[in-house]
J.: 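I'd like to ask you about the structure that follows.
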Amino acid sequence: MTKIALFASGSGSNVQAIAEAVAAGSVPAEIALLVCDKPDAYVMKRAEALGIPAFSFQPKQYESKQAFEAEIVEQLQTSGVEFIFLAGYMRLIGPVLLAAYRNRIVNIHPSLLPAFPGKDAIGQAFDAGVKVSGVTVHFVDEGMDTGPIIDQECVRIDSGMTRDDVQKAIQKIEHSLYPNVITKLLTEHREEQTR
Ligand code: GRF
């Protein structure tokens with residue numbers, strides 16, 4: 001089984017969805033580590049309940065981003081992690097992690113990129129009055145939500161929908177799209193290795 005890490009900073013509903021898909025046998029992976037930059041985040045409670053090993057840290061306690069990313073890389077390598085999936089990790093990935101896991105870091109973003117990158121993409125789309133938004137899964141590069149797109153799915157924003165309704169619709173899609181994309185990537189990876 002390919003070992004993966006999930007990175008999160010918040011509630012962790014995507015972590016939960018991925019972990020459930022792994023437990024159900026539909027995602028061919030072992031979640032070897034959760035990395036969390038907010039020790040008080042709800043995702044840490046989920047990890048405990050799900051039995052996922054977690055590494056949480058306070059960025060402020062390190063000298064630099066380079067320093068905490070070096071520690072993360074060490075943790076990932078000790079756990080045998082091959083792929084990283086960001087699921088609400090609210091930090092830009094820096095050169096240390098990118099160099100160690102080039103083309104092996106994937107993110108999910110709640111808009112149809114390249115529209116509405118960055119923070120509060122759902123609020124940005126809602127305020128712009130667009131009638132279609134959605135979810136993007138993409139590889140991570142040094143930019144903010146700029147890497148090559150792997151898959152997207154759209155959500156209609158009908159008049160009368162509140163911001164909350166849009167968020168719920170987007171999350172529902174995220175929770176099926178992300179496990180499906182992970183399965184596809186890991187299956188391709190396995191096939192490449194056995195070729
Ligand atoms: C998701 O909307 C994801 O697209 C974005 O951050 C949010 C995380 O939500 N990157 P959760 O913590 O998984 O519930």
Side-chain angles (χ1 to χ4, degrees), residues 4-23 27 29 31 33-50 52 54-57 59 72 83-94 97-98 101 104-128 130 132-157 161-185:
I4 65 171
L6 305 179
F7 282 35
S9 308
S11 146
S13 70
N14 280 282
V15 167
Q16 180 91 32
I18 295 163
E20 284 172 7
V22 166
V27 173
I31 305 172
L33 195 65
L34 170 79
V35 173
C36 178
D37 61 338
K38 294 208 174 110
D40 296 336
Y42 186 61
V43 70
M44 289 297 291
K45 294 207 173 70
R46 291 194 200 254
E48 202 185 337
L50 290 160
I52 299 172
F55 167 61
S56 72
F57 66 101
I72 294 173
F83 280 86
I84 298 171
F85 295 96
L86 310 182
Y89 183 67
M90 301 301 285
R91 262 168 211 286
L92 214 54
I93 299 296
L97 264 166
L98 278 171
Y101 283 89
R104 297 283 182 95
I105 310 178
V106 172
N107 181 41
I108 187 162
H109 183 78
S111 76
L112 293 177
L113 289 171
F116 312 122
K119 284 195 180 146
D120 192 21
I122 296 172
Q124 290 183 54
F126 190 75
D127 293 344
V130 295
V132 178
S133 190
V135 177
T136 302
V137 180
H138 64 96
F139 286 108
V140 172
D141 63 10
E142 28 293 294
M144 167 85 87
D145 304 322
T146 50
I149 291 171
I150 303 169
D151 207 352
Q152 292 183 306
E153 217 172 300
C154 56
V155 171
R156 274 210 63 84
I157 304 181
M161 277 173 95
T162 63
R163 192 198 170 289
D164 242 40
D165 296 334
V166 178
Q167 180 156 354
K168 280 198 188 107
I170 286 205
Q171 278 186 332
K172 192 167 171 226
I173 285 181
E174 287 188 337
H175 298 164
S176 63
L177 181 66
Y178 213 3
N180 288 342
V181 171
I182 295 173
T183 298
K184 203 167 158 257
L185 281 174

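Counting convention: from 1, in listed order, for ligands and their atoms alike. Just so you know, these numbers use all the heavy atoms, side chains as well, and skip hydrogens, waters and symmetry mates. Starting from 1, each residue takes its place in the sequence as its number.
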J.: With the side chain counted from C-beta on, respond yes when Arg91 and Ser9 share a heavy-atom pair under 4.5 Å apart, and no when they do not.
T.: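 They are not in side-chain contact.
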J.: Which residues pass the ring-ring contact (aromatic ring centres under 6.0 Å, His included) test with Phe83, not counting sequence neighbours?
T.: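 Per chain and number, Phe83 pairs via ring-ring contact (aromatic ring centres under 6.0 Å, His included) with His189.
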J.: Report yes if the side chains of Glu153 and Asp151 come closer than 4.5 Å at any heavy-atom pair, otherwise no.
T.: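 No; the side chains remain at least 4.5 Å from each other.
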J.: Residue by residue, ordered by chain and number, which ones reach under 4.0 Å of ligand 1 with a heavy atom?
T.: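 Protein residues near ligand 1 are Ser11, Gly12, Ser13, Asn14, Gly88, Ile108, His109, Pro110, Gln171, Glu174.
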J.: Do His138 and Thr146 touch side chain to side chain, with heavy atoms closer than 4.5 Å?
T.: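 The answer is no, as the side chains (C-beta and beyond) never meet within the 4.5 Å cut-off.
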J.: Rounded to the nearest 0.5 Å, how far does CZ of Arg104 lie from CD1 of Ile4?
T.: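 Reported to 0.5 Å precision, the distance equals 13.0 Å.
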J.: Would you say the side chain of Asp37 lies within less than 4.5 Å of the side chain of Phe57, judging by non-hydrogen atoms?
T.: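 Yes. Closest side-chain heavy atoms under 4.5 Å.
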